[in-house]
Amino acid sequence: MSDPHAHRPAVVDLLGLVAFGQLLAFDRLAADARLAPDLRRRATLSEMAAAEIGTFRRLADRLAALGVPPEEAMTPYVEPLQSYHDSTEPKDWLEAVTKAYVGDAISDDFLREVADALDEPDRRLVLDVLHESRYVEFAAAEIRAALRADPRAANRLSMWARRLVGEALSQAGRVAAADRGALTALVARGGRVDAQELFGRLTAAHTERITAVGLNN
């Protein structure tokens, strides 16, 4: 019996997008770990990086099972995603954990939205690559501790969080401009999901998230 997803360009496009995102996240977290103020924190960020490469492998294996070379599926997203990470390179530890907290969460929110449009096993695969709550809690705890130690840091980190979400939305626009019509249709679910409403939900979730750690929108 043939795989029902073997000829679904939208699924291939989505998995290629997510796979390259995981590969970049591995690179970023491995580099950011060197900004950690102690070995405990460095080890935690290194574990986060290892998790990213593990999920990348699962996505690459699924693409191969669908008959598509992973590098082929990822190529359309190299420029926009690389541009996002290059433009939001953290300068210190607090910027690194804020990026992990804000940027990864926006990505996870988006994937939760899209996963509902997928069939199994791809729906479960996409949901499985979402970041573990313990890493989100770690980043949130680091931000809260930093603000308790120096409340003045709130303004700087709030501005950084706004920049991150702005760059993430610009990145989404660049992905849309990559002429991946099948992926756009998947996200919109045949016109049943309005793009502005989707971005509105993502922005609202972001606002709630940064308020929870004591930052301003």
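Keep in mind that this is a model prediction, so the values were computed, not measured.
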Distance-only, no hydrogens or angles: does the Glu120 side chain make a donor-acceptor pair with backbone N or O of Arg124 under 3.5 Å?
yes
A side-chain contact here means heavy atoms from C-beta on lying under 4.5 Å apart; do Tyr135 and Leu45 qualify?
no
Taking the side chain as C-beta and beyond, is there a heavy-atom pair between Pro70 and Leu59 under 4.5 Å?
no
Met159 vs Arg163 side-chain heavy atoms within contact, under 4.5 Å:
no
Take a 6.0 Å sphere around CD of Gln82 and say whether it holds more than 12 heavy atoms from other residues, nucleotides or ligands.
yes
Side-chain donor-acceptor pair under 3.5 Å between Glu167 and Thr88, yes or no?
no
Should the pair Asp61-Arg57 be classified as a salt bridge under the 4.0 Å nitrogen-to-oxygen rule?
yes
Is the closest basic N to carboxylate O distance between Glu137 and Arg134 below 4.0 Å?
no
Salt-bridge test for Arg209 and Asp109: reply yes if a basic N is under 4.0 Å from a carboxylate O, no otherwise.
yes
Hey, could you give me the CG/CG distance between Leu157 and Leu147, rounded to the nearest 0.5 Å?
6.0 Å
Is the CZ atom of Arg144 crowded by more than 12 outside heavy atoms at less than 6.0 Å?
yes
Is any NZ, NE, NH1 or NH2 atom of the basic residue among Arg28 and Asp104 found under 4.0 Å from an Asp or Glu carboxylate oxygen of the other?
yes
Does the side chain of Leu15 reach to within under 4.5 Å of the side chain of Leu125, using non-hydrogen atoms?
yes
Considering residues, nucleotides and ligands other than Arg40, do more than 12 of their heavy atoms fall under 6.0 Å from its CZ?
yes
CG of Leu215 to CZ of Arg156: how many Å apart, nearest 0.5 Å?
10.5 Å
